[in-house]
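Reading through the structure tokens given below for one structure.
Quantities reported herein were computed from a predicted structural model and do not represent experimental measurements. Chain letters run A, B, ... following the sequence lines, proteins first, then strands; residues in each count from 1.
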2 protein chains.
Amino acid sequence: MNFYVDKIKNNGLKVTPRRKAIINIFNHCRVHLTPEDIFTRLKEEFSHCGLPSVYRNLEILAECGILARIYRFDNKRYYGLCHSADGAHHHHIICIKCGTIAPLKGCNLFKRKKINGFKIIDHFIQVDGICKNCQE
Amino acid sequence: MNFYVDKIKNNGLKVTPRRKAIINIFNHCRVHLTPEDIFTRLKEEFSHCGLPSVYRNLEILAECGILARIYRFDNKRYYGLCHSADGAHHHHIICIKCGTIAPLKGCNLFKRKKINGFKIIDHFIQVDGICKNCQE
DNA sequence: AATTTAAATAGAAATTTTTTTCATCTACAT
DNA sequence: ATGTAGATGAAAAAAATTTCTATTTAAATT
Ligand SMILES: [Mn+2]
Ligand SMILES: [Mn+2]
Ligand SMILES: [Zn+2]
Ligand SMILES: [Zn+2]
């Protein structure tokens, strides 16, 4: 948790109970979740809890690099823990059955500065699969 | 347009004026658009036009491989034309200023069957950049 | 420990986005 | 021409997200 606390502080943000709780939820389940999912789980822990706070914090934690934004086309936002202890550039592979997230190493895109005349600003890779557990 | 008509028919779907109009819009502007954008443009051409049809058709055309789904984290869906004349596997690079879409060749992911014990089902790559036009 | 202050929060309300339902219509195979 | 599965618009509903504001809080400073 100290690792995350430092990340938050390094970004000039406050370490609040809500933020620690959100990180704990992700740390505990290692699966990608929607704002609504988080909201539901936070309410078990906090009697008062606002959905706007959840939206704000998920975005803030993604901004800090603590959470990864997961893209799906079902009209929901997803976030997952970006467990990059070493800080090396990576992407994510997610299980379409259970939502488990694993790091995906070996990206050869982040070196390139230009493609097709486009100046590269960012890139996103996501692999969808079925994890060992869900395969049998 | 025949190219698209065939694709639609090959998927057992009907070639309707609405669908042709949507393809025309993308063919004409070569930029990624939201359902709302499309709806606005369709209304210029058709006096009656429903938003549900737009949502349905964008998804259907994406399913056929005619449109590409573009991911952004601004809580809107985006679609763009997937101009794959040769049908070769590819992804897309988009201009974050104007929305222009260009094909991105050379993906080495689609060959792999397994990563980290995950059985690979799908993968998605998107590069965000600034196009030639928008660079100056 | 008390004070200060900018940031974070809850809660309500508003807004935006997306889907459902259903009666009507149409593309296209027969 | 006719039949039929698929497509459509209108209206309504549902779901997702943001805005606003008064209140509270983390943490820096005394
Ligand atoms: Mn990660
Ligand atoms: Mn394409
Ligand atoms: Zn799994
Ligand atoms: Zn551009």
Side-chain angles (χ1 to χ4, degrees), chain A residues 1-2 4-25 32-64 66-67 69-79, chain B residues 1-2 4-25 32-64 66-67 69-79:
Chain A
M1 177 54 82
N2 276 350
Y4 300 116
V5 167
D6 289 346
K7 274 207 167 186
I8 293 173
K9 284 187 175 167
N10 289 345
N11 284 68
L13 297 161
K14 290 183 182 174
V15 179
T16 70
R18 233 39 47 121
R19 283 170 191 172
K20 285 199 276 188
I22 290 174
I23 291 170
N24 265 328
I25 289 169
H32 64 294
L33 299 168
T34 64
E36 198 68 33
D37 292 335
I38 294 289
F39 182 54
T40 304
R41 291 174 195 228
L42 281 178
K43 278 193 295 193
E44 293 168 5
E45 188 173 348
F46 300 95
S47 55
H48 297 292
C49 184
L51 195 47
S53 274
V54 176
Y55 274 88
R56 271 191 306 261
N57 280 324
L58 288 173
E59 254 319 276
I60 280 168
L61 294 176
E63 213 61 51
C64 295
I66 292 173
L67 297 184
R69 294 190 263 249
I70 310 286
Y71 292 74
R72 324 223 80 203
F73 227 68
D74 64 355
N75 305 321
K76 281 177 185 154
R77 296 182 159 207
Y78 287 94
Y79 295 86
Chain B
M1 177 55 83
N2 275 351
Y4 300 117
V5 167
D6 289 347
K7 275 207 166 186
I8 293 174
K9 285 187 174 168
N10 289 344
N11 283 66
L13 297 161
K14 291 182 180 173
V15 179
T16 69
R18 231 44 42 126
R19 284 173 189 166
K20 286 199 276 188
I22 290 174
I23 292 170
N24 264 329
I25 289 169
H32 64 296
L33 299 168
T34 66
E36 199 66 35
D37 293 334
I38 294 290
F39 181 54
T40 304
R41 293 177 194 225
L42 280 178
K43 278 192 295 192
E44 293 168 6
E45 187 172 348
F46 300 95
S47 54
H48 297 293
C49 184
L51 196 48
S53 272
V54 176
Y55 275 88
R56 276 190 303 255
N57 281 324
L58 289 173
E59 255 318 278
I60 280 169
L61 294 176
E63 214 60 51
C64 297
I66 293 173
L67 297 184
R69 295 190 263 249
I70 310 286
Y71 292 73
R72 324 224 79 202
F73 228 66
D74 66 353
N75 305 321
K76 281 178 187 154
R77 295 183 158 205
Y78 288 93
Y79 295 85

Find which nucleotide of DNA chain C each of B/L13 and B/D74 is nearest to by heavy atoms, and output the residue with the more 5' nucleotide.
-> B/D74
Between CG of B/L58 and P of C/dT17 the distance, given in whole Å, is 14 Å
For B/R56, answer base if it contacts any base atom (sugar-phosphate contacts may also be present), sugar-phosphate if it contacts only those atoms, and nothing otherwise; contact means non-hydrogen atoms under 4.0 Å.
-> base
Would you kindly give the OH-to-P distance between A/Y55 and C/dT9, to the nearest whole Å?
-> 16 Å
Should A/T16 be listed as having a side-chain N or O under 4.0 Å from OP1 or OP2 of C/dT9?
-> yes
Verify the contact: side-chain N or O of B/S53 to OP1 or OP2 of D/dG9, cut-off strictly under 4.0 Å; return yes or no.
-> yes
More 5' along DNA chain D: B/R18 or B/K14, using each one's nearest nucleotide?
-> B/K14
Whole-Å gap separating P (D/dT8) and NZ (B/K43) = 17 Å
To the nearest Å, give me how far apart CG (B/L61) and C1' (D/dG6) are.
-> 15 Å
A/T40 and A/D37 side chains, donor-acceptor separation under 3.5 Å | no
Interatomic distance, B/K20 NZ vs D/dT8 C1' [rounded to whole Å] = 16 Å
Atom pair distance, as rounded to whole Å: CD1 in A/I38 and P in D/dT17 | 13 Å
Starting from C1' on D/dA16, measure out to CZ on B/R77 and report it in whole angstrom.
-> 12 Å
Mind checking B/R19 for me? I need base, sugar-phosphate or nothing, with any heavy atom below 4.0 Å counting as a touch.
-> sugar-phosphate
Without hydrogens or angle criteria, can the side chains of B/R77 and A/N75 be said to hold a donor-acceptor pair below 3.5 Å?
-> yes
Taking all heavy atoms of A/F46 and all of A/A21, pick out the closest pair and write down the distance.
-> CE1-CB, 3.5 Å
Nucleotide of D/dT18, C/dA27, D/dA10 approaching B/P52 most closely (side-chain heavy atoms) = D/dA10
Nearest whole angstrom, please: distance from the P of D/dA16 to the OH of A/Y79.
-> 14 Å
With side chain to side chain contact (heavy atoms under 4.5 Å, CB included) as the test, would you mind laying out the steps for B/E63 and B/R69 before giving the verdict?
-> CA-CA 10 Å; B/E63 214 60 51; B/R69 295 190 263 249; 4.1 Å; yes
What does A/L51 touch in the nucleic acid at a heavy-atom separation under 4.0 angstrom: a base, only the sugar-phosphate, or nothing?
-> base
Does B/H48 make a side-chain N or O approach to OP1 or OP2 of D/dA10 shorter than 4.0 Å?
-> yes
Is the backbone of B/K14 close enough, under 3.5 Å, to the side chain of B/R19 for a donor and an acceptor to pair up by distance?
-> yes
Using the closest heavy atom to pick a nucleotide of DNA chain C for each, name whichever of B/K9 or B/K76 lands nearer the 5' end.
-> B/K76
Using a cut-off of less than 4.0 Å, is there contact between a side-chain N or O of A/N75 and OP1 or OP2 of C/dT17?
-> no
